[in-house]
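Beneath this line is the structure, given in structure tokens, with notes to follow.
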Protein chains: 2
Amino acid sequence: MLKLAKLTDYATVLMTVLAAEPSAWASAQELAERSHLSLATTSKLLKQLARARLIEAARGVHGGYRLLRAPNQITVADVVDAIEGPIAVTECSSHTGGCSIEGSCGTRANWRLINTAIRGALEAVTLAQMTAPLRRSGSETPLTFHPRPASAPPARE
Amino acid sequence: MLKLAKLTDYATVLMTVLAAEPSAWASAQELAERSHLSLATTSKLLKQLARARLIEAARGVHGGYRLLRAPNQITVADVVDAIEGPIAVTECSSHTGGCSIEGSCGTRANWRLINTAIRGALEAVTLAQMTAPLRRSGSETPLTFHPRPASAPPARE
DNA sequence: CAATACCGGACCAAAAAGGTACGGTATAAG
DNA sequence: CTTATACCGTACCTTTTTGGTCCGGTATTG
């Protein structure tokens with residue numbers, strides 16, 4: 001468990017499809033086909049992604065959607081935020097109050113840390129990396145977690 | 001979002017309560033009171049934790065529960081596993097098959113990495129740390145994520 | 001044998017997630 | 001200026017998951 005919503009997963013698929021041709025407009029219809037999702041679901045997700053300002057929308061005959069930032073400037077964390085809202089592993093890991101044992105519970109701070117670490121893991125992977133089949137530099141390539149995703153990985157263009 | 005179940009949160013509370021006196025037996029009744037949870041819910045969770053071999057149970061008049069390992073040998077990941085089952089951020093991040101776009105989707109490997117990183121974050125925090133109010137060595141203490149925790153491996157049995 | 005306590009499920013209600021539908025509005029072509 | 005395309009907003013419904021409770025059974029102690 002500790003899984004994220006299916007729709008979030010779908011959203012990342014859509015985003016990677018969009019990342020394949022960053023500057024071209026693609027209609028919801030097209031994207032639905034390419035991602036093997038229903039048009040209705042696709043539309044719903046695209047709307048949410050547009051509202052979160054990850055993609056931009058254009059109406060009209062030749063309208064559609066396209067990324068608003070370069071694939072290496074969009075992280076998985078961005079997509080999760082867009083669909084599920086801010087990450088909060090536990091009730092108390094983000095906002096205070098609402099927990100009945102607030103006073104006696106000394107674990108809040110630790111949850112916050114865990115939360116931050118998880119977010120870091122999601123921020124460490126960009127769309128550009130998701131589209132690339134993963135360069136393997138060994139048998140297993142552990143995901144190194146840098147608090148800030150600084151450098152741009154080699155986009156396959 | 002990306003939150004873990006409330007019951008998992010409760011379970012960690014129970015575990016920290018147990019960690020306060022690692023060698024003493026405590027009945028479900030007692031634990032329920034100390035954790036401010038209902039007896040029914042407490043029992044259910046304790047049963048699951050016992051089945052996962054994180055705690056041991058003793059029946060009879062002076063029975064109860066207690067930790068099966070030292071507080072610094074039990075991680076948050078263990079508790080999550082016990083209550084929610086193995087961590088799997090997406091459908092495809094653990095087992096193969098079942099995904100309709102399995103073939104065309106090049107993101108599986110990356111999800112696996114993200115999954116591993118998240119698990120690492122959960123494995124990096126032990127019960128002992130959860131009970132301690134967190135030693136702060138600065139303004140903010142970021143949780144350093146080591147892909148492989150050297151000193152305290154999870155090693156479930 | 002009686003009181004204490006854990007064991008194993010079944011069960012249910014509430015909440016969340018997944019998915020669909022529909023009336024509305026902007027754009028561009030003819 | 002009409003029409004076809006395509007996004008927009010939101011309401012709606014169905015299914016699944018989650019949270020929580022209850023009960024009959026078994027082991028242990030005195």
Side-chain angles (χ1 to χ4, degrees), chain A residues 1-14 18 24-33 35-66 68 80 82-85 88-91 98-100, chain B residues 1-14 18 24-33 35-66 68 80 82-85 88-91 98-100:
Chain A
M1 295 279 184
L2 192 82
K3 63 167 177 283
L4 37 82
K6 256 188 235 171
L7 291 177
T8 308
D9 193 4
Y10 298 165
T12 59
V13 173
L14 286 172
L18 281 165
W25 292 100
S27 71
Q29 178 70 53
E30 265 182 274
L31 294 168
E33 285 165 11
S35 57
H36 304 94
L37 298 171
S38 83
L39 175 58
T41 300
T42 302
S43 291
K44 184 182 191 172
L45 289 171
L46 289 170
K47 276 180 267 186
Q48 287 182 266
L49 292 168
R51 183 144 17 166
R53 311 246 44 186
L54 293 183
I55 62 180
E56 65 179 326
R59 302 202 207 191
V61 178
H62 295 114
Y65 295 92
R66 73 178 173 186
L68 209 41
V80 174
I83 305 298
E84 309 195 10
V89 180
T90 63
E91 221 66 47
C99 179
S100 56
Chain B
M1 294 279 186
L2 191 84
K3 63 167 176 285
L4 37 82
K6 255 190 234 171
L7 291 177
T8 307
D9 193 3
Y10 297 164
T12 59
V13 174
L14 286 172
L18 281 165
W25 292 101
S27 71
Q29 179 70 55
E30 266 181 273
L31 293 168
E33 285 164 13
S35 57
H36 303 96
L37 298 170
S38 83
L39 175 59
T41 300
T42 302
S43 291
K44 184 182 192 173
L45 288 171
L46 289 170
K47 276 180 267 185
Q48 287 182 264
L49 292 168
R51 181 148 13 172
R53 311 245 45 187
L54 294 183
I55 62 180
E56 65 179 326
R59 301 202 211 192
V61 178
H62 295 111
Y65 296 93
R66 72 177 172 187
L68 209 42
V80 174
I83 306 298
E84 309 194 11
V89 180
T90 62
E91 222 65 48
C99 179
S100 56

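Below, all heavy atoms of this structure are taken into account, side chains as well, without hydrogens, waters or symmetry copies. Note on naming: letters A, B, ... go to the chains in the order of the sequence lines (proteins, then strands), and numbering restarts at 1 for each one. It should be emphasised that the depicted structure is a prediction, and the values quoted were computed from it without experimental measurement.
Distances shorter than 4.0 Å separate none of the side-chain N or O atoms of A/S43 from OP1 or OP2 on D/dC7. Side-chain nitrogen and oxygen atoms of B/S27 include none within less than 4.0 Å of the OP1 or OP2 phosphate oxygen of C/dC6. Between B/Y10 and the phosphate of D/dG20, there is a side-chain N or O to OP1/OP2 separation shorter than 4.0 Å.
You'll find that the side chain of A/T41 is closest to C/dT20, out of D/dC7, C/dC7, C/dT20. Which of C/dA28, C/dG18, C/dG19 sits closest to the side chain of A/K44 comes down to C/dG19. Distances were taken from every side-chain heavy atom of B/V61 (C-beta onward) to each of D/dT21, D/dT29, D/dC7; the shortest belongs to D/dT29. Distances were taken from every side-chain heavy atom of B/Y65 (C-beta onward) to each of D/dG19, C/dG18, C/dC6; the shortest belongs to C/dC6.
Summarising the geometry, the separation between NZ on B/K47 and C1' on D/dT21 is reported as 10 Å, rounded to the nearest angstrom. In this structure, B/L7 atom CG and C/dA16 atom P are separated by 14 Å, rounded to whole Å. Distance, A/L46 CG to D/dC8 P: 9 Å, rounded to whole Å. Following rounding to the nearest Å, B/E30 (CD) and C/dT4 (P) show an atom-to-atom distance of 14 Å. The NZ-C1' distance, from B/K3 to C/dA16, rounds to 8 Å in whole Å. Atom-to-atom, CD of B/E84 to P of D/dT17 comes out at 14 Å; the value is rounded to the nearest Å. When rounded to the nearest whole Å, the span between CD1 of A/I55 and C1' of D/dA6 equals 13 Å. Look at CG on B/D9: it is 10 Å from P on D/dG19, rounded to the nearest Å.
The nearest pair of heavy atoms linking B/V13 to B/S35 is CG1-CB, 3.9 Å. Across all non-hydrogen atoms, the minimal contact from B/L18 to B/Y65 is CD2-O, 3.7 Å. Between A/G63 and A/W25, the closest heavy-atom pair is O-CB, 4.3 Å.
Within 4.0 Å of B/A50, counting heavy atoms only, lies no atom of the nucleic acid at all.
Projected onto DNA chain C by closest heavy-atom contact, B/G64 and A/A40 fall at different nucleotides, the more 5' of which corresponds to B/G64.
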Show me the protein contacts with nucleotides 23-25 of chain C, counting only N or O atoms at under 3.5 Å.
unit_1 : atom_1 : unit_2 : atom_2 : d
C/dT25 : O2     : A/R59  : NH1    : 2.9

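Here the CG atom belonging to B/L54 is positioned 12.0 Å from the CG atom belonging to B/L14, to the nearest 0.5 angstrom.
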Take B/L45 and B/T8, measure what side-chain contact (heavy atoms from CB on, under 4.5 Å) needs, and give me the verdict at the end.
CA-CA 9 Å; B/L45 288 171; B/T8 307; over 6 Å; no
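Scanning for side-chain hydrogen bond (donor to acceptor under 3.5 Å, both in side chains) contacts around A/R59 gives an empty result, with sequence neighbours left out.
Applying the side chain to side chain donor-acceptor pair (under 3.5 Å) definition to pairs two or more places apart or across chains, those involving residues 38-52 of chain A are A/S38-A/T41.
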